Amino acid sequence: MSTTTALRTFPDVRADFPGLTPGWHYLDTAATAQKPQAVIDATVNAMGRDYATVHRGVYARSADMTLAYEAARRRIAAFIGARENEIAFVRGATEAINLVAYSHPKKGRVLLSVLEHHSNIVPWQLAGWQVDVCPLTEDGCIDLDAAEKLLTPEHTMVAFAHVSNVLGSPLDVARAADLAHRVGAELLIDGCQAVPRLPVDVAALGCDYYVFSGHKLYGPTGIGVLWSDKLDTLPPWQGGGSMIDRVTFAKTTYAPAPTRFEAGTPAIVEAVGLAAAVDYVEALDIDRVHAHECALVGSLREALARKNSITLYGPENSAGIVSFSMTGVHPHDIGTILDESGVAIRAGHHCAQPLMEHLGVPATARASFGVYSSEDDVAALIEGLGRVERIFG
């Protein structure tokens, strides 16, 4: 599909997002996505008209809320090609990675990559894993040829990002899974940046764990998903209500997965909101979303490449994300001046300090697209960068 065709055929959905006020160009979706009215309505109704606790009440509204909560689990599981008993609701991808890092019965060596988000580095360190690091290719992708040489039978886990939150670099997950499994390791995939913009079928990918956050998928904050078809092999991570079978002071037995990982009152409203977000994205067709964002990435990279002051990072086929720097201008200054022009980007190390060190910069400017992004946003960014150049020229 050509850039022109993709932009022409994708629906204009900006009106669905009340946070997108006139004249404001939001290019920070990789940090968090704006919410469509359908998600706002679903969360408001779940918090108000329909609200009750789940799993514990014998009255009708509690039963109805329980049905809605578990229907949300089925809906979200289906979105990634999973079964409902294979996904646990957590507070976000960060908590999901911590859960696996701390609960895994075979802590050993874990292979990460240079481009990982801090949330896929620090939990492994804190949980006592021995960390090895896979380098990147010249264009900023995880170097799977190098990973093949680095992996040994001592590795029990490989943990990679499906799409880099800085470079937009996509990963060949199926190959990564094959390499991990050859040495007896398991593969955890951070899907935060992939799930909102790429078709994801966990069975086809072949990974062992897949995690993502709801707020990047146009859903609420405070909820995320841990998928695995091996949840029953992990012991509970947190204790409390709901996750038990029977409790005595002498001994406690635990509920089967995924309930054993959902201690306490769950994120009821957030789960319903996330299911509404999945409905919204599926109605747009995730393949069309991906084509739309790829077209915008191509348009922006082409425009930035014409500026001698700009250095671009990441591969040409980056998914929805474009990082860059400007000679002689700190990214924070770029972001501040763009904000004065009504353009919102991200500037900083993006919770990826090892990657910044690899790139040889303290920070980058990052523009990231969503379903509501358009060529108008690209044009506003380019015009704003022209003003940055004039100020610092």
Side-chain angles (χ1 to χ4, degrees), residues 93 96-98 100-102 104-194 198 200-211 227-230 233 312-319 321 323 349-361 364:
I97 296 171
N98 273 275
V100 176
Y102 279 93
H104 200 279
K106 296 181 180 178
K107 294 184 180 67
R109 303 194 78 90
V110 57
L111 182 65
L112 309 178
S113 82
V114 170
L115 59 68
E116 300 307 318
H117 191 282
H118 296 165
S119 294
N120 198 26
I121 300 173
V122 180
W124 305 104
Q125 295 171 331
L126 285 174
W129 293 70
Q130 295 174 284
V131 174
D132 295 314
V133 183
C134 180
L136 306 182
T137 60
E138 188 174 341
D139 64 351
C141 295
I142 297 173
D143 189 339
L144 292 180
D145 289 337
E148 184 173 13
K149 296 173 183 176
L150 287 167
L151 283 167
T152 73
E154 292 184 7
H155 288 96
T156 51
M157 185 68 67
V158 178
F160 288 159
H162 195 168
V163 171
S164 166
N165 74 303
V166 178
L167 305 176
S169 314
L171 174 71
D172 182 347
V173 178
R175 186 183 175 206
D178 179 62
L179 295 177
H181 296 159
R182 283 185 201 176
V183 298
E186 293 179 323
L187 176 66
L188 180 145
I189 293 295
D190 171 1
C192 283
Q193 300 298 338
L198 296 176
V200 171
D201 182 335
V202 288
L205 291 175
C207 55
D208 301 280
Y209 306 93
Y210 198 97
V211 308
W227 169 84
S228 179
D229 58 3
K230 300 174 175 62
T233 68
L312 277 164
Y313 303 102
E316 292 291 332
N317 67 334
S318 57
I321 296 169
S323 280
H349 56 63
H350 315 295
C351 294
Q353 289 178 317
L355 177 56
M356 294 299 110
E357 184 177 351
H358 169 79
L359 296 175
V361 295
T364 68

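Given the structure is predicted, the values throughout are model-derived calculations rather than measurements. Residue numbers count from 1 along this sequence.
Gly206 approaches Ala177 most closely through the heavy-atom pair O-CB, 3.4 Å. Closest heavy-atom contact between Ser323 and Val166: OG-O, 2.6 Å. Annotation for Val158 and Ala185: closest pair CG2-CB, 4.4 Å, computed over non-hydrogen atoms. In plain terms, the two heavy atoms of Ile121 and Leu112 that are nearest each other are CA-CD1, 3.9 Å. For Pro170 against Val163, the heavy-atom pair with the smallest separation is CA-CG2, 4.3 Å. The nearest pair of heavy atoms linking Ala161 to Ile142 is O-CD1, 4.0 Å.
Screening residues 164-177 for salt bridge (charged side-chain N to carboxylate O under 4.0 Å, His left out), with sequence neighbours left out, gives Asp145-Arg175, Glu148-Arg175. The salt bridge (charged side-chain N to carboxylate O under 4.0 Å, His left out) analysis of residues 119-129, with sequence neighbours excluded, yields no pairs.
Between Thr156 and the choices Lys106, Glu186, Gln130, the side-chain contact (heavy atoms from CB on, under 4.5 Å) rule is met once, by Lys106.
Ring planes of Trp124 and Trp129: perpendicular class, angle over 60° (limits at 30 and 60°).
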**Study point:** Step-by-step side chain to side chain contact (heavy atoms under 4.5 Å, CB included) determination, Leu355 to Leu136
**Key:** CA-CA 10 Å; Leu355 177 56; Leu136 306 182; 3.8 Å; yes
Practice item. Test Tyr102 against Leu126 for side chain to side chain contact (heavy atoms under 4.5 Å, CB included), laying out the working first. Key: CA-CA 9 Å; Tyr102 279 93; Leu126 285 174; 3.1 Å; yes
Practice item. Take Gln125 and Val131 through the side chain to side chain contact (heavy atoms under 4.5 Å, CB included) test and state the conclusion after the steps. Key: CA-CA 7 Å; Gln125 295 171 331; Val131 174; 4.2 Å; yes
Practice item. Any chance you could lay out the side chain to side chain contact (heavy atoms under 4.5 Å, CB included) test for Leu115 and His358, step after step, and finish with the verdict? Key: CA-CA 9 Å; Leu115 59 68; His358 169 79; over 6 Å; no
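Atom-to-atom distance recorded for Leu150:CG and Leu179:CG is 11.0 Å, nearest 0.5 angstrom. Taking NE2 from His155 and CG from Asp132, the interatomic distance works out to 3.5 Å, rounded to the nearest 0.5 Å. Atom OH of residue Tyr210 and atom CD1 of residue Ile189 lie 7.5 Å apart, to the nearest 0.5 angstrom. Atoms OG1 and CE, on Thr364 and Met356 in that order, are 4.5 Å from each other to the nearest 0.5 Å. The distance from atom CG of Asp208 to atom CE of Met157, rounded to the nearest 0.5 Å, is 7.0 Å. With rounding to the nearest 0.5 Å, the separation of CG in Asn165 from NE2 in His118 is 9.0 Å.
Judged purely by atom type and a 3.5 angstrom limit, Ser169 has no side-chain atom pairing as donor or acceptor with the backbone of Ser164. Looking only at distances, no side-chain donor or acceptor of Asp143 sits under 3.5 Å from a matching main-chain atom of Thr137. Remark: side-chain polar atoms of His349 are paired, donor with acceptor, to backbone N or O of Cys351 under 3.5 angstrom. Proximity of a side-chain donor or acceptor of Gln193 to a complementary backbone N or O of His162 within less than 3.5 Å is not detected. Side-chain atoms of His104 do not come within 3.5 Å of backbone N or O of Ala101 as any donor-acceptor pair.
A heavy-atom distance below 4.5 Å is found between the side chains of Leu171 and Leu144. Side-chain contact check for Leu111 versus Phe160: some heavy-atom pair is nearer than 4.5 Å.
Counting non-hydrogen atoms of neighbouring residues, nucleotides and ligands closer than 6.0 angstrom, the NZ atom of Lys149 reaches no more than 12 such neighbours.
By the salt bridge (charged side-chain N to carboxylate O under 4.0 Å, His left out) test, Asp201 is found to be paired with no residue, residues two or more places apart in sequence or in another chain being considered.
Of the N and O atoms on the side chains of Asp190 and His117, not one donor lies less than 3.5 Å from an acceptor on the other residue.
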